[in-house]
Novice: 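Handing you a structure now.
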Amino acid sequence: MKTTPLHAAHKSLSAKMGEFAGYDMPLYYADGVMKEHEWVRAQAGLFDVSHMGQVILRGADVVTFLERITPSSFGTLPAGRAKYTVMTNEKGGIVDDLIVTRLEDDEFFAVINAGCKDKDLAWMRSHVSAGVSLQTLDDRALLALQGPEAERVLREVFRIDTAAMPYMWLDEARLPDGTTVYVSRVGYTGEDGFELSVPSDKAVAVWEALTAHQAVRPIGLAARDSLRLDMGYCLYGHDIDDTTTPLEAGLRWVMGKDNRGFIGAEVITDPPARHRVGVRLLDKGVAREGAALLGEEGAPIGKLTSGGYSPSLKESIGQGYVASGFDVPGLSIKVDVRGRHIPAQIVPLPFIPAHTKSMKKQAA
Amino acid sequence: MVDTLLKFTSEHEWLKIEGGDVAVIGITEYAQDALGDLVYVELPEIGRKVDKGQDVAVVESVKTAAEVYSPVAGEVIAVNDNLSGNPELIKKSLEEGWIAKIRMTNPAEVAGLMDRAAYDAYLKTKE
């Protein structure tokens with residue numbers, strides 16, 4: 001299995017390790033998933049997400065390229081601004097979801113899922129023109145610091161001041177030793193927080209400096225998943241995949257009004273025949289990925305693509321797809337868990353409100 | 001405290017005999033550690049008949065559902081209802097963390113299960 005630069009640090013903290021996307025990663029540490037999940041929402045959690053791919057895309061034609069491989073608009077995106085988007089295939093299905101940030105006029109920084117790294121890079125390379133180059137940042141680690149205390153922690157540990165940095169923004173910053181790092185105010189937890197792209201040979205020092213702060217605890221991938229589930233964020237390979245269109249997935253908002261030339265644009269059905277929805281159980285039990293969703297009379301109406309127990313809500317929540325007509329908030333349904341039909345409800349996402357800094361003040 | 005009357009399975013259930021033909025079952029510390037924080041236990045219905053090795057209950061943690069397999073054939077005569085509101089009780093003790101009681105069809109089946117020494121040796125192979 002592959003390892004990140006922080007592998008030894010996780011083992012020294014007695015993390016329960018597990019394989020994810022070909023990497024030996026920490027699932028949780030001594031506190032366990034529930035306490036880790038709650039800590040992120042109350043203080044600041046530090047995640048090693050170095051297994052994800054970091055890519056620089058540059059060239060005279062890079063905007064044309066981005067507007068071909070994604071349905072979003074990048075022409076007028078200001079330098080420093082980050083955008084959540086998806087890459088689509090010829091059937092309008094989703095190749096991966098990713099965050100793309102403009103660094104300069106002709107230079108963008110993309111973070112892609114670990115499980116899709118090879119696929120994404122091959123896909124991108126097959127669609128570049130002479131005016132676009134792709135460079136993978138293989139010598140960089142990625143750490144996510146998430147929680148209401150994250151801003152204070154960055155200031156107190158590294159003297160990095162993010163008070164004026166809005167959500168979905170990137171800035172270069174300097175560590176006290178002069179090392180340049182990217183600080184992006186983005187995350188996958190719904191809390192305020194940052195992703196730090198640091199040189200791999202500084203990863204351990206940064207990790208140790210942050211975890212030495214009393215408001216910071218290391219957090220594993222299990223809590224990363226339960227936190228994003230609270231927010232209704234997609235997990236690629238589960239809630240979105242190469243058969244789901246952005247419209248089916250409820251991601252119409254990533255599509256740029258002026259972008260009509262992206263791959264698969266002509267074949268995406270609008271309105272979609274199925275919809276991604278939130279589901280919460282109204283009775284005890286836990287509904288997970290693969291559970292059938294049933295109408296009140298027991299007829300199948302869809303399937304859960306993600307599910308689990310929310311430590312924040314203390315109930316079982318999930319996401320899934322239902323046929324058009326059943327995507328009605330408040331609709332009573334049932335979820336089949338090992339033959340038991342548990343009463344449940346369709347609910348809008350997110351399950352809890354986000355605490356990310358509002359971006360309404362920033363022009364797109 | 002070593003309880004010499006306890007028996008174990010390779011699926012990490014423990015079993016203790018009560019009153020001759022009743023087996024009390026639960027999951028071992030090894031299984032508890034592997035699961036992490038417990039959030040729900042799906043208990044069987046009283047009267048349910050099980051075969052040896054058949055799933056009789058499900059323990060849910062935040063991340064996974066783990067089946068509990070009955071180490072013996074028989075009929076469920078009692079379940080630990082306290083687990084409904086407090087699944088973490090499973091970790092407390094044998095007395096508080098038992099899952100179900102099964103009236104055995106064939107008590108001789110117990111002799112074929114691992115004792116503590118054999119189970120500990122088995123755990124070492126899992127390291």
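These numbers were taken from a predicted model, which means no experiment stands behind them. In what follows, chains are A, B, ... by sequence order, proteins preceding strands, each numbered from 1.
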Novice: Can you tell me if D24(A) and T3(A) form a side-chain donor-acceptor pair at under 3.5 Å?
Specialist: no
Novice: Quick one: sort the Y188(A) and Y233(A) rings into parallel, tilted or perpendicular, breaks at 30° and 60°.
Specialist: parallel
Novice: In residues 54-61 of chain B, which residues are in contact with chain A at a heavy-atom separation under 4.5 Å?
Specialist: V58(B), E60(B), S61(B)
Novice: Using the rule side chain to side chain contact (heavy atoms under 4.5 Å, CB included), only one of M231(A), Q146(A), H37(A) pairs with T189(A); which is it?
Specialist: Q146(A)
Novice: If you measure from the Lys or Arg side-chain nitrogens to the Asp or Glu carboxylate oxygens, is any gap between D33(B) and K16(A) under 4.0 Å?
Specialist: no
Novice: Using a cut-off of under 4.5 Å for heavy-atom pairs, which of V33(A), D225(A), V337(A), V286(A) has the most such pairs with chain B?
Specialist: V286(A)
Novice: Let me confirm one number: the CG-CG distance from L293(A) to L331(A), rounded to the nearest 0.5 Å.
Specialist: 10.5 Å
Novice: Tell me whether R217(A) is salt-bridged to E149(A), with the criterion being a basic N under 4.0 Å from an acidic carboxylate O.
Specialist: no
Novice: Count the heavy-atom pairs under 4.5 Å between each of G285(A), S226(A), G32(A) and chain B, then report the option with the highest count.
Specialist: G285(A)
Novice: Do K7(B) and Y119(B) have side chains that get closer than 4.5 Å, going by heavy atoms?
Specialist: no
